[in-house]
Amino acid sequence: MPPVIDHKKCVKCGYCAQICPLDVIKIEVRGKEKKTVIKYPEECWHCRACEKDCPVKAIHMRYPLSHLMLHMKPDGGKH
Amino acid sequence: MNITKQNKIIKTDYLVIGGGMAGLQSAISAASRGLDVVIAEKADTRRSGSGANGNDHFACYIPECHGDDFELVVRQVNMTMDGGPWQDPTMLRLWLSRSFEIVQFWESIGIRMRPTGKWNFEGHSVPGNQRYHLKFDGQNQKSALTKAALDRGVHIMNKTPICDILLNDEGRVVGAVGIDISEEQPKLIVFQAKAVIIAAGGAGRMYPGITPAYMFNDSACPADAGTGHALAYRSGARLTNLDMAGGHAGPRYFARGGKGTWIGLTSDIHGNCITPYQDKPSRENGDIASDIWPGSYRERMQAGTGPSYMNCTETTDEDLEYMLHDAFVSEGIDSITDHLKQRKINLRDSMIEFGSYNIGFSSQGIDIDIHGMSTVPGMFAAGGVAGNVKGSLSGAVVIGMVAGEYAADYVKTVEECTVENHPTLQARLDQCNALLNRQEGAHWKEAASTLQNIMNDYAGIQIRSENMLTAGLAYLRQLREEAQAHLGAANSHELMRTLEVLDQIDIGEPFFLMVLNRKESRGPHHRSDYTYTNMLLNDKFQTIVKTKNGVVLDFRSSW
Ligand SMILES: Cc1cc2nc3c(=O)[nH]c(=O)nc-3n(C[C@H](O)[C@H](O)[C@H](O)COP(=O)(O)OP(=O)(O)OC[C@H]3O[C@@H](n4cnc5c(N)ncnc54)[C@H](O)[C@@H]3O)c2cc1C
Ligand code: SF4
Ligand code: SF4
């Protein structure tokens, strides 16, 4: 679930769903209930556009373990 | 579910396919010349494409900074990643000579082209040469260009990917077909246009990425899936240089563009610099190693001499702070900053492993002339989808501008042509309905996975030969048949992805034909059965075009 939505903060304005370059996010309507869902998490580019543009800062990113940042101390991994 | 069809045909002079960097600039330039302009964009122009969150290097020639010796400028830019082979020299001169116009225009619409107050050039540079990459702050570039387009009367239709170009009997462009995906149920939209520009970006996701299970972990925007190339090829436009495609480099399992913004040194596991260009990290030059030889990370791994790292441990505190919290933000890659922070990785003491990314088609594609027009009358192209011009962002937007300007003259020479009964409309409706109604249809990812495997296993790096390529092409055709017969889509989003993969299969074909026909080794193209370089092909670009009488391959001189 790359972008994580804080549903307590989200005002369901739909802006993130509108601007996502990969059409990952949807506003689902069930009866009178609306919910912002990360419908296609595997299609997320991790670009942060949704996070930056959310008017109430309800989104933060979680970077999946598949996308791990491989890092190494320059002592050749001795420590 | 069925696809619906909008009755009203959208009529315009100039239809822009893709509101990315090239498309937005082209729309603005055409509208400024008085054309009626519509942009059809797959996502939303405020945040779409490879420039969605920003760019920060604009290759350009500013006479007051670089002097009057244009020949020197051309020679030196040719040594950077925005020059080099597989670009017609005339096209390099064209975008370079008009690059400053864009810089000035962008500054006038609120994009910070000199955030320090001065013209400041950084990164992608060869030590000892003048620097040509203007360090700007592009984080608002898409919203600023969108506003500038709207201010000039451009009509923007977001969430509307284009899937067909309509030609008349004479073979000239008269319109296009798009699909509105804003709702769960897709809607077909018909465009009548005197000219179109294909600005749909490069063709990514053709090869397995660094994390094959996560296909959207890509350095360029994964929405740029090759439809632009497919539209052109199916319409009979000439393509070029597909056989010369290579890949970028960056963090190994977290694919990001923007490698030129790192301030560090390519190093081995012990932190020793392994490139000949400089021995200290340099904010001014960046680390040009990954520009010159992006495949080196793969080659070192395969040779057992890897891994290779981006080593910022010797970078000054000030430069590190600047890179992570200023430059990466302007560039739109501050997901790296965020990711490092979340994982508590400190670049002061840790190096980041870099990897070579797989092949993508960007600056290999539609063969265009000095007006940005393809070989099909009324079909322009700019940006990653064009095949004989480079320059990254700068090349994309200057050619977008040139095309928009020329379109203003071109549309005066052609009559409007009605499209409501064009046979392509019914064919596309039928195909979409078949995909949407196929019970237990195959998911698009199944076909995408097989396409990527075929591309990699039969036309990958270092493994090309007559037998391998012949088999690969046969398998690609088998895949197309199976995909057409079995793919299914449950809603508009899946329909978009399904059509993307069918387009990708369509461009796999000319790619295979070109690599088969290039019976030599050169640049990124290695044939195990033709290991020599054929000098007779120096300065020649291979081209492919689909005609009524079959496919024609040729080698043309560069100009
Ligand atoms: C993170 C990153 C940083 C970069 N930094 C730099 C830099 O600093 N300097 C530089 O020179 N270059 C940089 N680049 C490259 C630069 O962004 C591209 O060269 C440039 O965006 C190409 O422009 P384009 O218009 O061809 O493609 P894009 O800007 O990607 O636009 C293509 C558009 O077409 C849309 N589209 C795709 N298919 C369809 C369809 N079928 N119908 C309708 N619309 C469609 C897409 O949604 C997208 O909006 C960077 C790239 C990345 C990813
Ligand atoms: S932009 Fe923010 S507030 Fe609006 S729907 Fe998305 S998460 Fe909710
Ligand atoms: S990070 Fe980017 S791709 Fe992912 S959901 Fe947000 S806007 Fe879409």
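Proteins come first, then strands; the chains are lettered A, B, ... in the order of their sequence lines, and each starts at number 1.
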Taking side chain as everything from C-beta outward and backbone as N, CA, C, O, which of these in Ser492(B) sits under 4.5 Å from a heavy atom of chain A? Side chain, backbone, both or neither.
neither
Look at atom CD of Glu314(B) and say whether more than 12 heavy atoms of other residues, nucleotides or ligands are closer to it than 6.0 Å.
no
With a 4.5 Å heavy-atom cut-off, do Lys39(A) and His493(B) have their side chains touching?
no
Selection from Ser48(B), Cys221(B), Pro307(B), Ala213(B) maximising heavy-atom pairs under 4.5 Å formed with chain A:
Cys221(B)
Relative to chain B, which segment of Cys50(A) carries a heavy atom at a distance below 4.5 Å: side chain, backbone, both, or neither?
neither
Please state whether the side chain, the backbone, both or neither of Ile27(A) comes within less than 4.5 Å of a heavy atom of chain B.
neither
Okay, Pro222(B) and chain A: the region with an atom under 4.5 Å from a heavy atom over there is both
Pick whichever of Met310(B), Lys159(B), Glu353(B), Met215(B) has the most heavy-atom pairs under 4.5 Å with chain A.
Lys159(B)
What part of Glu184(B) lies closer than 4.5 angstrom to a heavy atom of chain A: side chain, backbone, both or neither?
side chain
For a quick test of reading the model, state the closest non-hydrogen atom pair linking Ile181(B) to Lys26(A) and the distance between them.
O-NZ, 4.4 Å
Using 30° and 60° as the class limits, which term best fits the ring planes of His67(A) and Tyr214(B): parallel, tilted or perpendicular?
perpendicular
For chain A, which of Thr211(B), Asp338(B), Ile333(B) has the most heavy-atom pairs under 4.5 Å?
Asp338(B)
Among Asn158(B), Asn311(B), Thr313(B), Asp334(B), single out the residue with the greatest number of heavy-atom pairs under 4.5 Å to chain A.
Asp334(B)
From NZ (Lys73(A)) to CG (Asn346(B)), nearest 0.5 Å:
8.5 Å
Starting at CG of Asp23(A), measure out to OG of Ser182(B) and round the result to the nearest 0.5 Å.
9.5 Å
Around atom NZ of Lys57(A), are there more than 12 heavy atoms from other residues, nucleotides or ligands closer than 6.0 Å?
yes
Kindly determine whether Lys52(A) and Gln139(B) satisfy side-chain contact (heavy atoms from CB on, under 4.5 Å), including the steps that lead there.
CA-CA 11 Å; Lys52(A) 288 175 185 173; Gln139(B) 55 178 311; 6.0 Å; no
Is any side-chain heavy atom of Arg497(B) closer than 4.5 Å to a side-chain heavy atom of Glu43(A)?
yes
Which one, Asn217(B), Ile352(B), Ile210(B), leads in non-hydrogen pairs under 4.5 Å with chain A?
Asn217(B)
Heavy-atom cut-off 4.5 Å, strictly under: side chain, backbone, both or neither for Ala220(B) against chain A?
backbone
Bottom line for Ile345(B): the part with an atom under 4.5 Å from chain A's heavy atoms is side chain
Atom pair NE2 (His339(B)) and CG (Leu68(A)), whose distance is rounded to the nearest 0.5 Å:
6.0 Å
Using a heavy-atom distance cut-off of less than 4.5 Å, which residues of residues 14-22 of chain A contact chain B?
Tyr15(A), Ala17(A), Gln18(A), Ile19(A), Cys20(A), Pro21(A), Leu22(A)
If we only count heavy atoms from C-beta on, is the His71(A) to Leu340(B) side-chain gap below 4.5 Å?
no
With a 6.0 Å cut-off (strictly less than), is the heavy-atom count around NZ of Lys12(A), excluding the residue itself, greater than 12?
yes
What's the shortest heavy-atom distance between Asn53(B) and Arg48(A), and which atoms?
OD1-C, 4.1 Å
Heavy atoms of Ala49(A) and Arg47(B) approach each other most closely as CB-CD, 3.7 Å
Out of curiosity, Ser66(A) OG to Tyr253(B) OH, how far, rounded to the nearest 0.5 Å?
11.0 Å
Quick check on His46(A): does its NE2 atom have over 12 non-hydrogen neighbours (other residues, nucleotides or ligands) under 6.0 Å away?
yes
Point-to-point distance, once rounded to the nearest 0.5 Å, from CH2 of Trp45(A) to OG of Ser335(B):
8.5 Å
Where does the angle between the aromatic ring planes of Tyr63(A) and Phe254(B) fall among parallel (under 30°), tilted (30 to 60°) and perpendicular (over 60°)?
perpendicular
Per-residue tally against chain A (heavy atom, under 4.5 Å) across Lys445(B), Arg252(B), Gln342(B) peaks at Gln342(B)
Below 4.0 angstrom, N of the basic side chain to O of the carboxylate: do Asp53(A) and Arg46(B) qualify?
no
